[in-house]
Amino acid sequence: EAVGLAKERSGGGHYDAFRDRLMFPILSPIGKVLGFGGRILPDTQTGSEDYTPAKYVNSPETEVYQKSRVLYGMKHSKRAIRTEREAIVVEGYADVIALWDAGVRNVVAASGTALTSKQVDALKRLDVQRLVLLFDADEAGQNAAQKGVDVALSVGLAPYAVSLPDGADPDSFVRQFGADAFRRTLVEERLDFVAFLVRRARDAGRLATPEGKAAVVRQVLATIKRRGDRIQAGEYRRRAAADLDVYETDLRRQYDGQGAPRSPRRLEPPPEVD
């Protein structure tokens with residue numbers, strides 16, 4: 001009961017909190033069981049007209065399980081992550097298992113939550129340089145990816161984002177198209193954080209007005225500054241200028257705090273001659 005495996009019934013006694021579910025043990029990096037995730041089985045008859053069981057149920061926060069500190073799959077993936085110096089972060093348990101089964105081993109899951117600084121710190125201790133955020137293409141998934149970009153930059157990692165076509169998740173994509181197609185997509189669809197932010201802004205219609213475009217420019221430049229490397233900042237500014245269709249010199253002036261360039265002085269028309 002203390003760790004959430006059993007719950008007290010209102011009429012007395014207890015019941016199994018994970019009944020009729022496929023269990024995913026959540027392990028520490030050294031293999032200790034911290035908690036569980038449970039997915040409802042397809043043929044479970046526990047619903048009713050006014051109640052549908054949640055697809056996933058997770059262990060509550062306990063003395064040994066703090067969700068913001070734990071990455072699912074870390075125990076098995078840490079060696080590949082250290083070798084590749086790159087970690088792929090996905091959303092769910094099944095995504096990790098499907099990619100591992102397909103031979104993609106440097107993968108962990110944020111377990112349905114936005115990536116936290118403590119989770120990224122755990123990856124950084126494995127000498128990771130790049131973080132690839134592979135979240136669902138829906139609004140919630142893309143918002144989580146954007147937060148992951150900010151968190152990765154705050155600890156000095158280079159974040160990238162990948163969206164799978166047609167709203168697929170890694171699990172369904174690998175089962176339908178195979179491991180080789182996934183690896184190609186991981187390379188061909190990879191966006192650096194500048195391209196990712198610009199694409200999100202364009203999809204949301206924020207580049208349709210001068211005011212909206214100016215706000216996106218400020219957001220992109222502020223994010224580039226968080227990278228903290230002047231050489232890389234120059235390269236990211238050049239990419240941002242191309243993606244946003246603005247002059248690189250204007251971006252550099254604004255990045256350096258000089259503001260927008262002054263408009264040329266308007267010339268008065270010459271007097272009319274009779």
Side-chain angles (χ1 to χ4, degrees), residues 81 84-92 95-96 99 102 104 106-110 114-115 119-120 123-124 128-174 177 179-208 212-213 215-229 231-246 248 251 255:
I81 290 172
E84 299 283 343
R85 303 191 75 181
E86 175 177 288
I88 303 169
V89 183
V90 296
E91 287 194 38
D95 295 328
V96 172
L99 293 182
V104 180
N106 58 324
V107 58
V108 291
L115 202 62
Q119 290 171 329
V120 176
L123 292 170
K124 193 174 182 181
V128 165
Q129 291 186 337
R130 298 172 302 277
L131 210 61
V132 180
L133 303 165
L134 185 56
F135 290 173
D136 290 350
D138 59 17
E139 187 67 16
Q142 293 303 287
N143 285 340
Q146 186 162 332
K147 291 177 182 176
V149 165
D150 292 335
V151 172
L153 289 172
S154 70
V155 299
L157 297 183
Y160 294 83
V162 175
S163 293
L164 296 177
D166 301 324
D169 56 40
D171 179 23
S172 62
F173 185 92
V174 168
F177 300 108
D180 291 340
F182 176 81
R183 291 190 182 92
R184 286 196 302 272
T185 300
L186 198 63
V187 174
E188 295 170 0
E189 299 299 324
R190 178 177 301 200
L191 299 177
D192 62 55
F193 68 90
V194 169
F196 171 69
L197 293 176
V198 173
R199 188 193 66 184
R200 285 212 73 198
R202 183 174 288 112
D203 291 346
R206 295 171 58 202
L207 300 180
K213 190 171 187 176
V216 173
V217 166
R218 289 193 295 271
Q219 177 196 14
V220 170
L221 290 181
T223 307
I224 291 174
K225 281 189 175 183
R226 300 184 68 179
R227 189 70 182 96
D229 185 298
I231 295 176
Q232 291 185 22
E235 176 60 28
Y236 282 126
R237 282 200 308 270
R238 285 189 285 274
R239 296 185 181 196
D243 290 344
L244 290 165
D245 192 25
V246 297
E248 184 189 343
L251 284 189
Y255 182 89

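- Residue V174 comes nearest to A102 through the heavy atom pair CG1-CB, 3.7 Å, listed as atom of the first residue, atom of the second, then distance.
- Between the CG atom in L244 and the CZ atom in R202 there is a gap of 7.0 Å [rounded to 0.5 Å].
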Give the table of side-chain donor-acceptor pairs shorter than 3.5 Å for residues 154-165, with sequence neighbours excluded, one pair per line with atom names and distance.
unit_1, atom_1, unit_2, atom_2, d
S154, OG, V151, O, 2.6
S163, OG, R199, NH2, 3.2

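- Scanning all heavy atoms of the two residues, the minimum distance from P170 to V90 falls at CG-CG1, 3.9 Å.
- Remark: D180 engages R183 in a salt bridge, criterion side-chain N to carboxylate O under 4.0 Å.
- Of the possible polar contacts, none joining the S172 side chain to the A168 backbone as a donor-acceptor pair under 3.5 Å is found.
- Distance check: L191 CG to E189 CD gives 7.5 Å after rounding to the nearest 0.5 Å.
- Of all heavy-atom pairs spanning V107 and V104, the tightest one is CG1-O, 3.5 Å.
- D169 places none of its side-chain heavy atoms less than 4.5 Å from the side chain of E91.
- Between F193 and I224, the closest side-chain pair of non-hydrogen atoms falls below 4.5 Å.
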side-chain contact (heavy atoms from CB on, under 4.5 Å) between E86 and I81: does it pass, once the steps are laid out?
CA-CA 6 Å; E86 175 177 288; I81 290 172; over 6 Å; no
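- Rounded to the nearest 0.5 Å, atoms NZ (K225) and CZ (R237) are 9.5 Å apart.
- V89 has its side chain within reach of F135: a pair of non-hydrogen atoms, C-beta onward, lies under 4.5 Å apart.
- Taken to the nearest 0.5 Å, the CG atom of L133 stands 7.5 Å off from the CZ atom of F196.
- Here CZ of R227 is found 11.0 Å from CG of D192. Values are rounded to the nearest 0.5 Å.
- In summary, of the residues considered (L221, L207, D243), a side chain to side chain contact (heavy atoms under 4.5 Å, CB included) with V216 occurs for L207 alone.
- Between F182 and L134 there is a side-chain heavy-atom pair separated by less than 4.5 Å.
- Summarising the geometry, atom CG belonging to L186 is positioned 10.0 Å from atom CZ belonging to F173; distances are rounded to the nearest 0.5 Å.
- Other residues, nucleotides and ligands contribute over 12 non-hydrogen atoms within 6.0 Å of the CG atom of D203.
- L115 is not listed as a side-chain neighbour of K147, based on a closest heavy-atom distance of 4.5 Å or more.
- A heavy-atom distance below 4.5 Å is found between the side chains of Q146 and L197.
- The shortest distance between side-chain heavy atoms of N106 and V132 does not fall below 4.5 Å.
- Side chains of K213 and R206 form no contact here, defined as non-hydrogen atoms less than 4.5 Å apart.
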